[in-house]
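Just below is one structure, and these are the notes that go with it.
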2 protein chains.
Amino acid sequence: MTMVRNTRQRQAVVQALRETHTHPDAAWIHSQVRGELPNISLGTVYRTLDALVRDGVVMTIERAGQATRYDYKHAGHGHHHVVCRSCGAIYDIDAEDLPTPALGLPAGFQVQDVRLEYHGVCATCAEHSEKRV
Amino acid sequence: MTMVRNTRQRQAVVQALRETHTHPDAAWIHSQVRGELPNISLGTVYRTLDALVRDGVVMTIERAGQATRYDYKHAGHGHHHVVCRSCGAIYDIDAEDLPTPALGLPAGFQVQDVRLEYHGVCATCAEHSEKRV
DNA sequence: TTTCATGCAAAAGGTTTGCATGACC
DNA sequence: GGTCATGCAAACCTTTTGCATGAAA
């Protein structure tokens, strides 16, 4: 059994994630939590986020060269993500028919997280690149 | 119209991606391509890969803190990915029933790529962590 | 010949880690 | 009191970028 201590730092990080409706990165969470705990370190934020991901409380949206974005898994609120490659905006879409079946998984693989992401260009960015031509 | 030059470096990167059945990262591709072009730089590999992703020829599998893995999109061979969080292994599963519908997308969003990923722990890693307890 | 890609090396982030200190149980 | 988390700062790794050179069209 993994022992997890209920520190004030951990509480603050969880609270910050719960309250926002955006998909913040570690630096944003850090600056946010500093309002309450001015001395909390970025390292602690990262360690806490890692633990939350391992516990299945939080999921990540990862993009090469960009900061990982974190998303609190509110109960009964399954959704997937739409990611704009141009500006990095992330939208939520409801997961009515989640594709959880996953036949053909490797033998013995234990699924912890299913992520469905639509990558492309949002309307605003598409307009801008049209104008540029 | 974007002008893309057909350089030997570009050819070599594409060939390396076509030939492998793994999901290599930029460093692996670099060392591989060096067999033919000993002076090719890692920067060029990255720039080429970026272009290939933009062109829709290649897709990425991204993990925070880990090197991005690249996957050549062989025609008529749609598949999704199974990612082991412990050892980083990536498996392919066929995309028989791809969840491409995506109702509820933001207005005007142009989808370029749909990625469905199953994250969890592979059989081998699960065994090892059991033994450790 | 003009333009774009390359190589090199340095810089820029983001994330992880070691260690002494402090907080939790 | 023992153990684990924290803060700090340095290290690490991946990826990006500036610039002079070289190769494609």
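The sequence lines fix the lettering, A, B, ..., with proteins before strands; numbering per chain opens at 1. Computed from a predicted model, the values in this text were never measured in an experiment.
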Original post:
What's the shortest heavy-atom distance between B:Ile40 and B:His30, and which atoms?
Top reply: O-NE2, 2.8 Å

Original post:
Can a side chain N or O of A:Thr44 be found less than 4.0 Å away from OP1 or OP2 on D:dA5?
Top reply: no

Subject >> Value in whole Å for how far the P atom of D:dT14 lies from CZ of B:Arg69 >> reply: 11 Å

Subject >> Note, B:Asp71 side chain near B:Val58 side chain (heavy atom, < 4.5 Å) >> reply: no

**OP:** List in chain and number order the residues that pass ring pair (Phe, Tyr, Trp, His ring centres under 6.0 Å) with B:His23, two or more places apart in sequence or in another chain; answer none if no residue qualifies.
**Re:** B:His81

Original post:
Tell me: NE2 of B:His30 to P of D:dC13, nearest whole Å?
Top reply: 17 Å

**OP:** Measure the distance from CD on A:Glu62 to P on D:dT15 and round it to the nearest whole Å.
**Re:** 12 Å

So which protein nitrogen or oxygen atoms get under 3.5 Å of nucleotides 13-23 of chain C's nitrogens or oxygens?
from, atom 1, to, atom 2, distance (Å)
C:dT15, OP1, A:Thr68, N, 3.1
C:dT15, OP1, A:Thr68, OG1, 2.7
C:dT15, OP2, A:Tyr46, OH, 2.2
C:dT15, O5', A:Tyr46, OH, 3.3

**OP:** Find the distance A:Leu49:CG to D:dT6:P and express it as a whole number of Å.
**Re:** 11 Å

Subject >> Residues touching DNA chain C, which here means a heavy atom under 4.0 Å, drawn from residues 33-40 of chain B >> reply: B:Asn39, B:Ile40

Original post:
Going by heavy atoms in the side chains, are B:Val82 and A:Phe109 under 4.5 Å from each other?
Top reply: yes

Original post:
Got a sec, which residues hit side-chain contact (heavy atoms from CB on, under 4.5 Å) with A:Thr7, two or more places apart in sequence or on another chain?
Top reply: A:Arg5, A:Gln9, A:Arg10

Original post:
With sequence neighbours left out, what residues match B:Ser41 under side-chain contact (heavy atoms from CB on, under 4.5 Å)?
Top reply: B:Thr44

**OP:** If a pair satisfies side chain to side chain donor-acceptor pair (under 3.5 Å) and one of its residues is in residues 61-70 of chain A, list it, with sequence neighbours excluded.
**Re:** A:Thr60-A:Glu62

Original post:
Does A:Lys73 pair with A:Asp55 as a salt bridge, N-O distance under 4.0 Å?
Top reply: no

